[in-house]
Amino acid sequence: MKLQYLGHSAFYFEMGYIKALIDPYISEKVEDLEFDEKKITHIFITHGHGDHMGNAMDIAKESGAMVISNYEICMYLQGEDINVHPMHIGGRVELDFGTVKMTPALHGSGIETEDGMLYGGNPCGFVIEIEGQKLYHAGDTGLTMDMQLLEVESIDVALIPIGGNFTMDIIDAARAVRFIKPKVVIPMHYNTFPIIEVSTEEFVNKVGDIAQVKVLDIEEVYTF
Ligand code: NI
Ligand code: MN
């Protein structure tokens, strides 16, 4: 699986024919995209906040990509003529490219529109398995005991928020890594705004030898 970090909580991944975005709030710093927006096949959205929905609507309209999200966000996007696959917390589904499980996140999910905030259902994360490789995107979340349930999933790469204030901070994110026990952890949702500025070095130290921490620069590609 080829994974490119697009800043904040946004990632692109491809494997086989799937070319997907997760929470496509793409940093302005990204100049070299590893993908063509028109060729995106799937877009995963963890919750309704603007820094996660990002450009999802525009990219979905241009590419015809299918959006995979919770029922409420999917119904909202379907009203905009976007292809959707609604799921809900705890649900696992086999799709043509692999399997997707929607995991709980402890956060909000209001959809910010010009007419105010719409109800966006429960926030979530995703465990995505393609050809035996498992990727977990936690979404925005606080530390939860539910994360202990992810250990049995044998996650290869976990994308975990570490910025604090809106999500887990470094201390709790390191605790989450202890619960999840992924092979590799990639931090996200930090340094985008002053309030979520953190030291990734401190995170690396806190995780220790529980997992390999891979801090990705914006645009950096990680293959596993
Ligand atoms: Ni959020
Ligand atoms: Mn966020």
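Note that ligands are numbered from 1 as they come in the structure, with each ligand's atoms numbered from 1 the same way. In what follows, every heavy atom counts, from backbone to side chain, and hydrogens, waters and symmetry copies are set aside.
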Q: Go through the side-chain N and O atoms of Asp156 and Tyr136 and say whether any donor and acceptor fall under 3.5 Å apart.
A: no
Q: Could you count the protein N, O or S atoms found under 2.8 Å away from the Ni ion (ligand 1)?
A: 4
Q: Could you tell me which residues satisfy side chain to side chain contact (heavy atoms under 4.5 Å, CB included) with Glu34, sequence neighbours excluded, listed by chain and number?
A: Lys2, Gln4, Tyr12, Val221
**Q.** Close aromatic pair by centroid cut-off 6.0 Å: His52 and His137
**A.** no
Q: Can you check the number of protein N/O/S atoms within less than 2.8 Å of the Mn ion (ligand 2)?
A: 4
Q | Salt bridge flag under 4.0 Å for residues Asp172 and Arg175 | A | yes
Q.
For the residue pair His49 / Asp140, report whether a side-chain donor-acceptor contact shorter than 3.5 Å exists.
A. no
Q.
Would you say Leu106 ends up clustered with Phe126 if hydrophobic residues are merged whenever their side chains have heavy atoms under 4.5 Å apart, either directly or through other cluster members?
A. no
Q. Does a side-chain N-to-carboxylate-O contact under 4.0 Å join Glu129 and Lys101?
A. no
(Q) Going by ring-ring contact (aromatic ring centres under 6.0 Å, His included), name the pairs with one or both residues in residues 62-89, residues two or more places apart or in two chains. (A) none
Q. Is it true that the side chains of His8 and Asp23 contain a donor and an acceptor less than 3.5 Å apart?
A. no
